[in-house]
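Quick notes on the structure that follows.
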Protein chains: 2
Amino acid sequence: MSVQNRKSKQRDRILELLRSERSHLSAVTVFDRLKTDFPSLSLGNVYRNLNILVEREEAVRLRINDVSDVFEAKREPHAHFICMTCGAVEDIRIPDELTVPIAAWAEQNTGASIRYPKIDLVGICPRCRATAGA
Amino acid sequence: MSVQNRKSKQRDRILELLRSERSHLSAVTVFDRLKTDFPSLSLGNVYRNLNILVEREEAVRLRINDVSDVFEAKREPHAHFICMTCGAVEDIRIPDELTVPIAAWAEQNTGASIRYPKIDLVGICPRCRATAGA
DNA sequence: GTATCTGCAAAACATTTGCCCTTTG
DNA sequence: CAAAGGGCAAATGTTTTGCAGATAC
């Protein structure tokens with residue numbers, strides 16, 4: 001949408017927050033965390049800036065399991081583990097040797113050119129497994 | 001939520017539609033397609049039944065790229081190819097030899113038990129590649 | 001100075017829910 | 001007939017947008 005962007009304190013802080021957090025944040029969470037530093041911050045502006053960051057490829061939008069999207073700063077490719085019991089999301093770095101063959105296979109079988117695989121591993125985290133007898 | 005379900009013409013037709021369609025359908029699309037046969041059908045009821053079907057594991061909810069969720073009938077495990085240009089979604093069946101090692105690797109490295117991998121391959125479909133010079 | 005950014009509030013969607021009537025078993 | 005299902009409309013939750021004033025360059 002926007003071709004040219006100026007600097008903005010709010011947007012800088014949003015990106016900084018995404019970068020410093022290990023977990024994935026929803027727009028509302030970002031809003032809550034920054035309200036202290038920017039008392040006049042508006043949720044609409046958080047959405048606007050998250051969209052700009054995604055557009056610029058400085059952040060990534062994830063649609064996991066919840067009702068709202070979550071965002072993370074862009075970094076090296078990685079997959080997500082998702083606990084089907086507690087909903088926790090954890091980053092995992094799968095070796096390329098395992099993922100490259102899948103993309104290659106898909107290219108051959110679909111005729112499409114694959115840019116990247118998006119892999120979610122769904123299961124039960126150690127803690128939830130300990131709690132309930134799953 | 002519901003423990004016991006009776007039969008319902010509407011729900012049966014929704015599942016039948018999901019099974020017969022090759023593509024993934026949003027609640028609104030399901031609603032539109034069935035309005036002819038059930039003129040009094042309500043969108044709320046489509047949502048209710050889609051949720052019941054997902055709960056019963058007769059259907060699967062997908063959050064791909066769009067604003068609304070889409071649904072498909074449950075069948076053998078498969079991945080999705082997603083065209084980043086036109087948004088088309090296509091099913092692909094990746095051989096187990098390629099996916100099993102990923103789950104195994106993740107189990108070892110996270111301590112979690114993996115139930116299934118959810119794999120989206122994002123790229124550009126042959127048609128879009130032909131149209132634009134991507 | 002002007003284009004971009006912001007806050008605010010309203011709007012636009014997507015989805016869920018309560019109520020009361022209809023259907024199923 | 002009792003319990004589950006459906007239609008309708010209102011409620012909820014998320015994300016986008018129009019506008020008027022503030023800010024960056």
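Letters A, B, ... are given to chains in the order of the sequence lines, protein chains preceding strands, and every chain is numbered from 1. Just so you know, these numbers use all the heavy atoms, side chains as well, and skip hydrogens, waters and symmetry mates.
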Is the shortest side-chain N/O distance from [X] to OP1 or OP2 of [N] below 4.0 Å?
{"X": "R6(B)", "N": "dA3(D)", "result": "no"}
{"X": "Y47(B)", "N": "dT15(C)", "result": "yes"}
{"X": "N51(A)", "N": "dT15(D)", "result": "no"}
{"X": "N49(B)", "N": "dG6(D)", "result": "yes"}
{"X": "S8(B)", "N": "dG6(D)", "result": "yes"}
{"X": "K9(A)", "N": "dA24(D)", "result": "yes"}

Send over the distance from [X] [atom1] to [N] [atom2], rounded to a whole Å.
{"X": "R11(B)", "N": "dT24(C)", "atom1": "CZ", "atom2": "P", "answer": "12 Å"}
{"X": "R13(B)", "N": "dG5(D)", "atom1": "CZ", "atom2": "C1'", "answer": "17 Å"}
{"X": "R63(B)", "N": "dG13(D)", "atom1": "CZ", "atom2": "C1'", "answer": "12 Å"}
{"X": "D32(B)", "N": "dA14(C)", "atom1": "CG", "atom2": "P", "answer": "11 Å"}
{"X": "D66(B)", "N": "dT14(D)", "atom1": "CG", "atom2": "C1'", "answer": "15 Å"}
{"X": "L50(B)", "N": "dT17(C)", "atom1": "CG", "atom2": "P", "answer": "15 Å"}
{"X": "I14(A)", "N": "dC5(C)", "atom1": "CD1", "atom2": "C1'", "answer": "12 Å"}
{"X": "L43(A)", "N": "dG7(C)", "atom1": "CG", "atom2": "C1'", "answer": "12 Å"}

As an exercise, state the distance from CG of L15(B) to OG of S20(B), rounded to the nearest 0.5 Å. 9.5 Å
Side chain of [X], backbone of [Y]: donor and acceptor closer than 3.5 Å?
{"X": "H80(B)", "Y": "H78(B)", "value": "no"}
{"X": "E72(B)", "Y": "H24(B)", "value": "no"}
{"X": "R129(B)", "Y": "G111(A)", "value": "yes"}

If you measure from the Lys or Arg side-chain nitrogens to the Asp or Glu carboxylate oxygens, is any gap between K35(B) and D32(B) under 4.0 Å? yes
Hey, is E16(A) close enough to R19(A) for a salt bridge, meaning N to O under 4.0 Å? no
Pick out the pairs of N or O atoms, protein on one side and nucleotides 7-12 of chain D on the other, that lie under 3.5 Å.
residue : atom : partner : partner atom : Å
dG7(D)  : OP1  : S40(B)  : O            : 2.9
dG7(D)  : OP1  : S40(B)  : OG           : 3.0
dG7(D)  : OP1  : L41(B)  : N            : 3.2
dG7(D)  : OP2  : S42(B)  : N            : 3.2
dG7(D)  : OP2  : S42(B)  : OG           : 3.4
dG7(D)  : OP2  : N45(B)  : ND2          : 3.2
dG7(D)  : O5'  : S40(B)  : O            : 3.2
dG7(D)  : N7   : R48(B)  : NH2          : 3.0
dG7(D)  : O6   : R48(B)  : NH1          : 3.4

Which side-chain N or O atoms in residues 46-53 of chain A pair as donor and acceptor under 3.5 Å with protein atoms at least two apart or in another chain?
residue : atom : partner : partner atom : Å
N49(A)  : OD1  : R11(A)  : NH1          : 2.9
N49(A)  : ND2  : N45(A)  : O            : 3.2
N49(A)  : ND2  : N45(A)  : OD1          : 3.4
N51(A)  : OD1  : R61(A)  : NH2          : 2.6
N51(A)  : ND2  : Y47(A)  : O            : 3.4

Both S26(B) and K7(B) contact DNA chain C. Which one's nearest nucleotide lies toward the 5' end? S26(B)
